[in-house]
Amino acid sequence: MTIAQKRPAGARLDNSFISWLKKQFPNLIPPAVAIAIFLIIWQLFAFIPGATLPGPIQVVQDTWILIFWPFYDNGGIDKGLFWQILASLKRVAISYTLAAVVGIGVGILIGVNQTMSKALDPLFQLLRTVPPLAWVPISLAALRQNEPAALFVIFITAIWPILINTAVGVTQIPQDYNNVAKVLQLSRKEYFTNILIPAALPYIFTGLRIAIGLAWLAIIAAEIVMSGIVGIGFFIWDAYQNNNVSEVILALVYIGIVGLLLDKLMSWIQNKILPAEQK
């Protein structure tokens, strides 16, 4: 048995983590310095007489309970940031999944059917430019309930990049691929699984990555104006109404971190699924 094999598993994991940290250290220095400079400048501005926004030190002092214990639940909407973000993520997951299914399906349909594309493209181009907040009163008027309305706002915001990128991907399939399919006399199912989807997949993932960011933005906008539902958007609005600016700033930090993690998750899935030559 070698010395490395005699070491405890925990020691080997520690050494692996230390080795990884040493390798990544040069990449960690620039963002750490940039963040430190930003916090220092922010704090200096907070020292200016008449400043209305608290500095980072004041934010931590005012919200240390939310920072170090985000899991409290006092019932109703009085919950920690963990539960607020979890509620928002559940809404995003439901609507984003539905948007992906519908967007990919309709995108393929209009991609392979030129008549359908010419008929629906003007309508899609018109609807996709409508801001998420503009859909809120329409969804509330149609659905009459906050929860379904919030889900609809996320869905209608996230579907367009998926749909459009999928349609573009289908139309960009090389003609040589279609010629090979005709020579081999592939069935519709075989063409779909072996030619269309693999060729359009890079475009589909581009739409999915854009859509996850838009979905996260939309849920914040929807929850801010839809009172009485647990979620990070309503948490921000409620904190603002109660003049808790530090809580608003802390929630913004959480939102940014979650948004970054969602994008990294989609990037990781894309790298796992797409062949190396298509990345």
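The first residue in the sequence is number 1, and the count goes up from there. It should be emphasised that the depicted structure is a prediction, and the values quoted were computed from it without experimental measurement.
We find the CG-CD distance between L53 and Q58 to be 12.0 Å, quoted to the nearest 0.5 Å. Annotation: the span from I236 atom CD1 to L250 atom CG amounts to 10.0 Å, rounded to 0.5 Å. For the atom pair CZ (R128) and CD1 (I156), the distance works out to 13.0 Å, reported to the nearest 0.5 Å. Taken from CG in L262 to OG in S267, the straight-line distance is 12.5 Å, to the nearest 0.5 Å. Rounded to the nearest 0.5 Å, atoms CD1 (I104) and CD1 (I108) are 7.0 Å apart. Here the straight-line distance linking atom CG of L201 with atom CD1 of I204 works out to 5.5 Å at 0.5 Å rounding.
Minimum heavy-atom separation, L133 to A221: CD2-O, 3.6 Å. F152 and S139 make their closest contact through CD2-CB, 3.6 Å (heavy atoms, listed as atom of the first residue, atom of the second, distance). Closest approach of F155 and S95 over heavy atoms only: N-CB, 3.7 Å. Scanning all heavy atoms of the two residues, the minimum distance from V170 to G111 falls at CG1-C, 3.6 Å. Of all heavy-atom pairs between V92 and I154, the closest is N-CD1, 4.1 Å. Listed here is the closest heavy atom pair of Q125 and T129: O-CG2, 3.4 Å.
The cluster map of Ile, Leu, Val, Met, Phe, Trp and Tyr, joined by side-chain heavy atoms under 4.5 Å apart, puts I255 and Y240 in the same cluster. By the criterion of side-chain heavy atoms lying less than 4.5 angstrom apart, applied directly or through intervening Ile, Leu, Val, Met, Phe, Trp or Tyr residues, L143 is grouped together with L140 in one hydrophobic cluster. Residues L126 and L120 are members of separate hydrophobic clusters, defined by side-chain heavy-atom contacts under 4.5 angstrom among Ile, Leu, Val, Met, Phe, Trp and Tyr. Note on L261 and I212: separate hydrophobic clusters, where clusters join Ile, Leu, Val, Met, Phe, Trp and Tyr whose side-chain heavy atoms are under 4.5 Å apart, directly or indirectly. The hydrophobic clustering, which links ILVMFWY residues whose side-chain heavy atoms are closer than 4.5 Å, places L66 and I232 together.
The main-chain N or O of S117 is never found under 3.5 Å from a side-chain atom of D121 such that the two would form a donor-acceptor pair.
When side chains are defined from C-beta on, V112 counts as touching L196, because their heavy atoms get closer than 4.5 Å. Residues W216 and V258 are in side-chain contact: their nearest non-hydrogen atoms beyond the backbone lie under 4.5 Å apart. When side chains are defined from C-beta on, L81 counts as touching F235, because their heavy atoms get closer than 4.5 Å. Residues I269 and F205 are in side-chain contact: their nearest non-hydrogen atoms beyond the backbone lie under 4.5 Å apart. Residues W42 and I249 meet the side-chain proximity criterion, which asks for heavy atoms closer than 4.5 Å. Side-chain contact check for E247 versus D62: every heavy-atom pair is 4.5 Å or farther apart. The side-chain heavy atoms of L208 and I162, taken from C-beta on, include a pair separated by under 4.5 Å. Between N244 and V248, every side-chain heavy-atom pair lies at or beyond the 4.5 Å cut-off.
Centroid-to-centroid, the aromatic rings of W237 and F234 stay 6.0 Å apart or farther.
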Check against side-chain contact (heavy atoms from CB on, under 4.5 Å), V102 and L98: CA-CA 6 Å; V102 175; L98 184 59; 4.1 Å; yes
Begin from the C-alpha positions of I110 and T166 and carry the test side-chain contact (heavy atoms from CB on, under 4.5 Å) through to its verdict. CA-CA 9 Å; I110 65 175; T166 300; over 6 Å; no
Take L217 and T157 through the test side-chain contact (heavy atoms from CB on, under 4.5 Å) and record every step on the way to the result. CA-CA 9 Å; L217 293 176; T157 304; over 6 Å; no
With side-chain contact (heavy atoms from CB on, under 4.5 Å) as the criterion, how do L127 and W135 come out once you've worked through the C-alpha distance, each side chain's angles and the decisive distance to 0.1 Å? CA-CA 10 Å; L127 294 178; W135 289 107; 3.9 Å; yes
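Under the rule for a ring pair (Phe, Tyr, Trp, His ring centres under 6.0 Å), the partners of F71 that lie at least two apart in sequence or sit in another chain are W69, F82. In terms of the ring pair (Phe, Tyr, Trp, His ring centres under 6.0 Å) criterion, residue partners of F124 (sequence neighbours excluded) are, by chain and number, W160.
In N242, the CG atom is crowded: over 12 heavy atoms of neighbouring residues, nucleotides or ligands sit closer than 6.0 Å. When the shell of 6.0 Å around OH of Y72 is examined, it contains more than 12 heavy atoms from other residues, nucleotides or ligands.
Residues S88 and E223 have side chains that bring a donor and an acceptor to within less than 3.5 angstrom of each other.
Sorted by first then second residue, the salt bridge (Lys or Arg N to Asp or Glu O under 4.0 Å) pairs that include residues 145-171, not counting sequence neighbours, are R91-E147.
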